[in-house]
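Shown next, in structure tokens, is the structure this report addresses.
Within every chain, numbering begins at 1; the chains are lettered A, B, ... in the order of the sequence lines, protein sequences first and strands thereafter.
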Amino acid sequence: MIDLKVLREDPEAVRASQRARGEDGGAVDALLSADERRRSAVSRADTLRAEQKQFGKQVGKARGEERDALLAKGKELAAEVKAAEAEQSEAEKELDQAHRALPNLVDTAAPVGGEDDYTVLEHVGTPREFDFTPLDHLDLGVRLGALDMERGAKVSGSRFYFLTGIGARLQLALLNLAAAQATEAGYSLMVPPVLVRPEIMAGTGFLGAHASEIYRLEEDDLYLVGTSEVPLAGYHADEILDLSAGPRRYAGWSTCFRREAGSYGKDTRGIIRVHQFDKIELFTYCAPADAAAEHQRLLAWEKELLAKIEVPYRVIDTATGDLGTSAARKFDTEAWVPTQQSYRELTSTSNCTTFQARRLNIRYRDENGKPQVVATLNGTGATTRWLVAILENHQQADGSVVVPAALRPYLGLEVIEPIA
RNA sequence: GGAGGAUUCGCAUAGUGGCCUAGUGCGCACGAUUGGAAAUCGUGUUGGGUGUUAAAACCCUCGGGGGUUCAAAUCCCCCAUCCUCCGCCA
């Protein structure tokens with residue numbers, strides 16, 4: 001939810017943000033009038049309640065006929081209060097709905113436009129020239145005994161897979177590397193629940209436009225998370241944090257589940273786009289004033305990790321129209337995938353400012369000891385998809401794959417050889 | 001799945017319809033005392049909303065929601081969470 005004070009003081013800024021996202025400006029005016037209605041309803045109900053309270057005290061003292069008269073009048077007042085309270089709660093419900101319907105305000109520094117209007121901030125490394133025809137990650141994975149899509153489909157359907165043998169070990173090595181770096185950087189490593197309650201899922205902003213992406217367990221009214229951002233954001237819901245020692249940083253290690261609805265036919269080969277994968281997710285709670293700097297730090301940590309797997313990549317500043325509901329700004333890193341001759345997203349870091357925290361009621365005490373809403377940010381540590389970039393970029397003519405130096409201590413191998 | 005118990009201000013507790021504007025202890029903050037400290041004494045100490053330039057004032061908040069009543073921490077109903085036990089399953 002956005003800050004209603006900002007809305008009241010500068011509705012035009014909110015409308016501009018909506019336009020930048022390519023969304024409806026009418027939602028802004030709906031929210032403004034809902035806010036107006038709620039305030040007048042609250043004020044009416046407050047006045048009546050005050051009157052009734054004073055009145056109730058007189059009844060307690062009165063006796064006899066006087067008491068009977070007061071009781072009659074009291075009944076009237078009670079009915080009025082009840083009506084005013086019903087009006088108030090109706091107005092509050094409407095406000096909440098309108099409030100939650102509005103996505104976060106975009107950062108004015110983010111490039112305006114649709115999916116393809118991102119800005120490339122930098123290129124790191126140079127795509128390798130192959131003197132042989134490189135195999136894609138699926139062919140490589142099968143030859144190395146690392147990946148089995150067919151049995152994944154047999155057991156669970158399309159977009160499911162088994163990481164087998166060295167594939168499973170490679171993923172563990174990668175996630176351990178990421179977990180170790182995150183721990184060193186001051187993140188607390190967390191293994192969170194991957195099933196969450198509706199209010200937590202809604203609080204992180206995933207039940208709006210992207211609800212169809214999410215698995216829901218109807219019987220239990222729980223959602224499977226698409227990233228541990230969700231449980232990590234919920235971790236401090238309804239709390240007032242002490243941030244006097246600096247931001248709270250968590251690294252979540254979890255499996256992630258995505259329905260990939262609407263992506264039929266896209267990336268059907270291999271493990272680029274799958275229903276289930278593993279990820280280390282970086283998550284920060286900090287004072288809103290520190291959020292932009294923390295966002296840069298998250299990006300820097302992602303780049304540090306990418307350097308360790310030694311793949312060429314670029315960094316993009318995502319356009320406003322392609323931002324998630326909660327994000328004000330988002331930087332993606334995209335690794336070069338040789339067999340696709342293109343860059344594919346490996347990490348994504350979003351500054352959600354106070355948007356999620358306002359929904360989840362997460363605050364901190366400012367220097368005056370007053371509760372204020374915190375800012376939340378998230379970024380990718382490492383994911384299953386990284387295996388694609390590692391395998392393809394480090395393959396050799398004989399079908400073996402050189403293990404990047406930083407991964408060797410975690411895998412215990414310098415080269416992964418084909419099994420047959 | 002079943003039975004019982006619990007949920008009150010950071011923590012611990014008191015509170016069985018109006019004197020609860022929620023008491024007490026601990027903790028915490030500030031002050032007094034002291035050469036300084038401990039002890040002691042005093043004052044303050046949930047969060048949110050309406051309102052205001054700011055304040056004042058007012059309203060809500062005793063796990064959540066609903067109900068009874070002129071009036072609910074207190075009575076009734078539903079739900080959540082935690083604990084104990086039984087059953088079932090792994």
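Here the two rings, on Tyr235(A) and Tyr250(A), have centers that are under 6.0 Å apart. Ring pair Tyr285(A)/Phe283(A): centre-to-centre distance below 6.0 Å.
Comparing rC85(B) with rA12(B), their C1' atoms sit 27 Å apart, to the nearest whole Å. Atom P of rA29(B) sits at a distance of 36 Å from the matching atom of rA6(B), rounded to the whole Å. When the P atom is used for both rC59(B) and rC19(B), the distance is 15 Å, rounded to whole Å. rC60(B) and rG44(B) have their C1' atoms separated by 23 Å, given to the nearest Å. If you take atom C1' in rU24(B) and the same atom in rC9(B), they sit 12 Å apart, rounded to whole Å. Look at the C1' atom in both rC88(B) and rA72(B): the space between them is 41 Å, to the nearest Å. Going from the C1' atom of rA14(B) to that of rC20(B) covers 12 Å, rounded to whole Å. If you take atom P in rC41(B) and the same atom in rG48(B), they sit 33 Å apart, rounded to whole Å.
Side chain of Arg8(A), nearest nucleotide from rG47(B), rU50(B), rA71(B): rU50(B). When the nucleotides rC59(B), rC70(B), rU46(B) are ranked by their closest atom to the side chain of Arg365(A), rU46(B) comes out on top.
With a 3.5 Å ceiling on both atom-pair distances, the Watson-Crick or G-U wobble partner of rU45(B) is rG27(B). Pair assignment for rC75(B) gives rG67(B), based on Watson-Crick or G-U wobble hydrogen-bonding distances that are each under 3.5 Å. Nucleotide rA39(B) forms a pair with no other nucleotide shown, judged by Watson-Crick or G-U wobble geometry with both contacts under 3.5 Å. Across all strands shown, rU50(B) forms a Watson-Crick or G-U wobble pair with rA57(B), both key distances being under 3.5 Å. Across all strands shown, rU34(B) forms no Watson-Crick or G-U wobble pair with both distances under 3.5 Å. Nucleotide rC82(B) forms a Watson-Crick or G-U wobble pair with rG5(B), both donor-acceptor distances falling under 3.5 Å. In this structure, rC62(B) makes no Watson-Crick or G-U wobble pair, since no nucleotide meets both defining distances under 3.5 angstrom. Nucleotide rA22(B) forms no Watson-Crick or G-U wobble pair with any nucleotide shown, as no partner meets the under 3.5 Å limit on both distances.
Taking 4.5 Å as the limit, every side-chain heavy atom of Val403(A) sits out of range of all side-chain heavy atoms of Val415(A). Between Thr349(A) and Leu377(A) the shortest side-chain heavy-atom distance does not fall below 4.5 Å.
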Practice task
Begin from the C-alpha positions of Arg344(A) and Glu334(A) and carry the test salt bridge (charged side-chain N to carboxylate O under 4.0 Å, His left out) through to its verdict.
Solution key: CA-CA 5 Å; Arg344(A) 301 304 306 263; Glu334(A) 301 179 325; over 6 Å; no
Problem - Steps toward side-chain contact (heavy atoms from CB on, under 4.5 Å) verdict (Cys352(A), Asn378(A)) - result: CA-CA 8 Å; Cys352(A) 297; Asn378(A) 61 80; 3.8 Å; yes
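Rounded to an integer number of Å, the gap from Ile362(A) CD1 to rG48(B) C1' is 17 Å. If you take CG of Leu48(A) and C1' of rG49(B), they are 17 Å apart, rounded to a whole angstrom. Distance, Asp35(A) CG to rU50(B) C1': 12 Å, rounded to whole Å. The separation between Arg38(A) atom CZ and rC59(B) atom P is 17 Å, rounded to whole Å. When the P atom of rU45(B) is taken as reference, atom CD1 of Ile240(A) falls 16 Å away, rounded to whole Å. Atom P of nucleotide rA71(B) and atom NZ of Lys75(A) are separated by 9 Å, given to the nearest angstrom. The CZ-C1' distance, from Arg39(A) to rC59(B), rounds to 16 Å in whole Å. In this structure, Leu360(A) places its CG atom 16 Å from P of rG48(B), rounding to the nearest Å.
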Using atom types as modelled, flag every donor-acceptor pair under 3.5 Å from a side chain in residues 180-194 of chain A to any protein atom, sequence neighbours excluded.
unit_1    : atom_1 : unit_2    : atom_2 : d
Gln181(A) : OE1    : Lys308(A) : NZ     : 2.9
Gln181(A) : NE2    : Trp301(A) : O      : 3.1
Thr183(A) : OG1    : Ala179(A) : O      : 2.7

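Using a 4.0 Å heavy-atom criterion, one finds that Gln52(A) contacts the sugar-phosphate atoms exclusively.
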So which protein N/O to nucleotides 60-68 of chain B N/O distances come out below 3.5 Å?
unit_1  : atom_1 : unit_2   : atom_2 : d
rC60(B) : OP2    : Lys53(A) : NZ     : 3.0

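A side-chain donor from one of Gln356(A) and Thr376(A) sits under 3.5 Å from a side-chain acceptor of the other.
Checking the phosphate oxygens (OP1, OP2) of rG48(B), a side-chain nitrogen or oxygen of Arg363(A) falls inside 4.0 Å. Arg197(A) has a side-chain polar atom (N or O) that falls below the 4.0 Å cut-off from OP1 or OP2 of rU81(B).
Map Gly74(A) and Ala45(A) each onto its nearest nucleotide of RNA chain B; the residue landing nearer the 5' end is Ala45(A).
Shown here is Glu115(A), whose CD atom has no more than 12 heavy atoms of other residues, nucleotides or ligands within 6.0 Å.
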